[in-house]
Amino acid sequence: MGKIKKDFMLKEVRRIAFCAIGLAVCVLILLRYAPKLASCQPLLLLGIAAIVALAALRSVLLAHSAMRNLTDNDIYWLEKEYTASHPVYKVWQGEIHLMQRFIVCRSRGRLLFIPMDKIERVERRFDRTDMGKIPFAKFILDTNQSITIGFSSRHAEESEAVFAWLAERLGKEKAAR
């Protein structure tokens, strides 16, 4: 479980660092073209630090709550399967790990564990944007919970591979297209 948490936190720190750099560049450009705001520079930089800290705290809390819901048996199988070779695909702000008993997903600052035996069905849907259609998967579990995972517009073709894998593992009737 330590490897999963470590991988999640490293990738989240990297994602948050890129966002912080982008935000800092925007603030510096603002300060460059609005010199009257120079007196507020310490507050703006402190605001960036606060936003980054809150984003990191949110990721830690969401990962902790996801892990808290796992049983000892789940943890055993996750540790065993995560270190073994398994397919990994890109999703929106993260990746999805397709394993024998679980799907582990890092998406939008969340760490998700989806047990394969709890999946009732998976629906393939699309969001329409200016760039076209962006696919996403809606996992409906037997606990009446639904989990939505979006795919990146740059990696939309990877959704095909994920749905093919799901159709093979779950059956075509459970992996609706």
Side-chain angles (χ1 to χ4, degrees), residues 1-32 37 40-116 118 127 129 131 134-139 141 145-159 161-162 165-166:
M1 208 57 194
K3 180 163 175 43
I4 296 172
K5 190 173 184 178
K6 178 184 170 191
D7 287 351
F8 171 75
M9 291 311 299
L10 285 175
K11 290 177 181 174
E12 279 302 298
V13 165
R14 195 173 98 200
R15 182 182 71 86
I16 291 170
F18 282 131
C19 291
I21 291 169
L23 191 56
V25 167
C26 291
V27 167
L28 292 174
I29 291 171
L30 178 68
L31 290 173
R32 169 80 171 117
L37 294 175
C40 299
Q41 182 178 1
L43 289 174
L44 290 172
L45 296 177
L46 185 63
I48 291 172
I51 290 170
V52 169
L54 288 174
L57 180 64
R58 176 187 175 267
S59 292
V60 168
L61 291 175
L62 288 174
H64 181 69
S65 71
M67 289 181 186
R68 188 178 51 222
N69 294 333
L70 297 172
T71 66
D72 290 339
N73 192 36
D74 293 341
I75 292 170
Y76 169 78
W77 285 111
L78 275 167
E79 287 175 345
K80 187 174 182 177
E81 292 179 5
Y82 191 80
T83 56
S85 179
H86 59 272
V88 179
Y89 297 99
K90 296 273 187 201
V91 296
W92 178 248
Q93 295 181 353
E95 70 273 337
I96 188 167
H97 298 258
L98 305 173
M99 299 181 290
Q100 188 73 19
R101 297 175 195 256
F102 283 91
I103 295 174
V104 177
C105 184
R106 180 181 67 86
S107 175
R108 298 181 306 177
R110 301 176 302 165
L111 181 59
L112 303 168
F113 300 104
I114 305 170
M116 291 295 290
K118 302 265 188 216
D127 279 338
T129 64
M131 297 181 290
I134 299 175
F136 68 93
K138 184 174 184 178
F139 292 87
L141 307 180
Q145 178 186 12
S146 67
I147 299 170
T148 302
I149 299 171
F151 292 90
S152 170
S153 59
R154 290 185 295 172
H155 303 285
E157 68 279 351
E158 292 197 8
S159 70
V162 171
W165 186 89
L166 288 168

Exercise. Short question: side chain of Glu158, backbone of Lys90 - any donor-acceptor pair under 3.5 Å?
Worked result: yes
For this session: Output the distance between atom CG (Leu141) and atom CD1 (Ile114), rounded to the nearest 0.5 Å.
Result: 6.5 Å
For this session: First locate atom CZ of Phe102, then atom CD1 of Ile4, and finally report the distance between them rounded to the nearest 0.5 Å.
Result: 9.0 Å
Problem set entry | Val162 side chain reached by Ile149 side chain, heavy atoms, under 4.5 Å | no
For this session: Write down the atom of Thr83, the atom of Glu79, and the distance for their closest heavy-atom approach.
Result: OG1-O, 3.1 Å
Problem set entry | For Phe136 against Phe151, the heavy-atom pair lying closest together | CA-CD1, 4.0 Å
Problem set entry | Residue His86 excluded, over 12 heavy atoms near NE2 under 6.0 Å | yes
Seminar exercise, completed: Nearest heavy-atom contact between Lys138 and Thr148 is CG-OG1, 4.1 Å
Problem set entry | Minimum-distance pair of heavy atoms, taken over all atoms of Val91 and Gly150 | CB-O, 3.3 Å
Exercise. Side chains of Leu78 and Met99: closer than 4.5 Å at any heavy-atom pair?
Worked result: yes
For this session: Working to the nearest 0.5 Å, report the span between CD1 of Ile103 and CD1 of Ile147.
Result: 9.0 Å
For this session: Check whether any side-chain heavy atom of Phe139 sits under 4.5 Å from a side-chain heavy atom of Leu112, and report yes or no.
Result: no
List the atom pairs, with distances to 0.1 Å, where a side-chain N or O of residues 7-28 and a protein N or O form a donor-acceptor pair under 3.5 Å, not counting sequence neighbours.
{"from": "Asp7", "atom 1": "OD2", "to": "Lys3", "atom 2": "NZ", "distance (Å)": "3.4"}
{"from": "Asp7", "atom 1": "OD2", "to": "Tyr82", "atom 2": "OH", "distance (Å)": "2.9"}
{"from": "Glu12", "atom 1": "OE1", "to": "Arg15", "atom 2": "NE", "distance (Å)": "3.2"}
{"from": "Glu12", "atom 1": "OE1", "to": "Arg15", "atom 2": "NH2", "distance (Å)": "2.8"}
{"from": "Glu12", "atom 1": "OE1", "to": "Ser59", "atom 2": "OG", "distance (Å)": "3.1"}
{"from": "Glu12", "atom 1": "OE2", "to": "Arg15", "atom 2": "NE", "distance (Å)": "3.4"}
{"from": "Glu12", "atom 1": "OE2", "to": "Arg106", "atom 2": "NH1", "distance (Å)": "2.9"}

For this session: Could you tell me the separation between the CG atom of Asn69 and the CZ atom of Phe113, rounded to the nearest 0.5 Å?
Result: 10.0 Å
Problem set entry | CD on Glu81 to NE2 on His97, rounded to 0.5 Å | 13.0 Å
Exercise. Got a second to check how far Leu111's CG is from Ser65's OG, nearest 0.5 Å?
Worked result: 9.0 Å
For this session: Just do the side chain to side chain contact (heavy atoms under 4.5 Å, CB included) check on Met67 and Ile75 with the steps written out, would you?
Result: CA-CA 9 Å; Met67 289 181 186; Ile75 292 170; over 6 Å; no
Exercise. Where is the tightest heavy-atom contact between Trp165 and Pro87, given as atom of each residue plus distance?
Worked result: NE1-CG, 4.1 Å
